[in-house]
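Written out below as structure tokens is the structure these notes cover.
Whatever order the structure lists ligands and atoms in, that order sets their numbers, starting from 1.
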Amino acid sequence: MTYQRIISTNQLSDTLNDLLKEKSYDQLFVLTDEHTAKLCYPLIAQYTCGAHHITIPAGDENKHIDTLCHVWKNLSYNNATRHSLMINLGGGMVTDLGGFAAATYKRGIRYINIPTTLLAMVDASVGGKTGINLDSLKNEIGAFYPADAVIISSAFIHTLDVANIASGFAEMIKHGLISTDEHWARLLQYDQNRPDLERLQSLIMESIHTKEEIVKQDPTEQNIRKALNLGHTLGHAYETLSMRRGIPCLHGYAVAWGLIGELYLSHIKEKFPVNKLRQTLSYIKELYGTPKFTCNDYDALYELMQHDKKNIANEIRFTLLADIGEIRINKTASREEIFEMLDFVRES
Ligand code: GLY
């Protein structure tokens, strides 16, 4: 699998202009959702003039086959060829769906991601996973198909709101936990009450490099890429439960609470150091508060974890840590251990 170029810039328009001059293409397409069409597209419109602009409805609930069809048809009616180029400008929904449209249209056209949310910058837009949901099954249909380039622009970092930063920051904490003590400590030193956006941009790049190193070793998630699922077995279950109850929670908040549970499991099963568990817990509690579930929800959460994509032969598989950067994949846990983990998350 080819690999993508990651460009960090304080001059989005110049960077994009240079990048487009380097590439040869017959037609340019820009995909946005209805929000990024208004708020972000004007920042690049001047450098993409003549491009076909495709807009899709915003929100994960629209990340489905009908929206994808709309993008395919737009490409087709405007005579896109294998030499056309697409720019995905938006959050993870746009980069995932746009990437999958690019992967499948005429068996693949090139694309550039310009993520506009922190979550998309540090996770969705990097690493080549593209896809759509199938009914309530998230990212059930997809392909590994990396962008040619990903542009991380300070222009969008400067417009992030507090909840958006917190949501993306959970994935960054995860990247710290699976890399080095120094990286993890730098993240826990970042003061969310006094945001320093230059510092944040440098932490974002460090986070992306951590992800890239793992993806390079295992692009299609046969083994070590499962490290990137730390916190997600419980996180996804909680996210789905919240959605079904009509009180959806941001992905990163669910991941943050998932990290607490899975670090606790790491502690009891793999001897993850208790002081590092406590430090991570205290940062997460301060930033994300505590999740809203009770012991009456344990069976539902357990049942949802049984549907996790990482499971093998119907057994729930976790990614755990023996220490920071000491990754243990495909780890099982008993129902009792999982319920003990839920007690810990609820009571801590
Ligand atoms: N979001 C996890 C991965 O890209 O593998």
Kindly print each ligand 1 N/O atom paired with any protein N/O atom under 3.5 angstrom away, one pair per line, or none if nothing qualifies.
from     : atom 1 : to     : atom 2 : distance (Å)
ligand 1 : 1 (N)  : Asp123 : OD1    : 3.0
ligand 1 : 1 (N)  : Asp123 : OD2    : 3.2
ligand 1 : 4 (O)  : Lys211 : NZ     : 2.6
ligand 1 : 4 (O)  : Arg225 : NH2    : 2.7
ligand 1 : 5 (O)  : Lys129 : NZ     : 2.9
ligand 1 : 5 (O)  : Arg225 : NE     : 2.8
ligand 1 : 5 (O)  : Arg225 : NH2    : 3.3

Residue pairs passing the side chain to side chain donor-acceptor pair (under 3.5 Å) test where at least one lies in residues 318-329, sequence neighbours excluded: Lys276-Asp323

All pairs passing side chain to side chain donor-acceptor pair (under 3.5 Å) where residues 283-294 contributes a residue, at least two apart: Gln192-Tyr283

Working for side-chain hydrogen bond (donor to acceptor under 3.5 Å, both in side chains), residues His251 and Ser167: CA-CA 6 Å; His251 175 70; Ser167 186; over 6 Å; no

Non-hydrogen atoms of Val126 and Met121 that approach each other most closely: CG2-O, 3.4 Å

Side chain to side chain donor-acceptor pair (under 3.5 Å) contacts touching residues 35-51 (sequence neighbours left out): Asp33-Thr36

Lys23 with Asp148: basic N within carboxylate O range, under 4.0 Å: yes

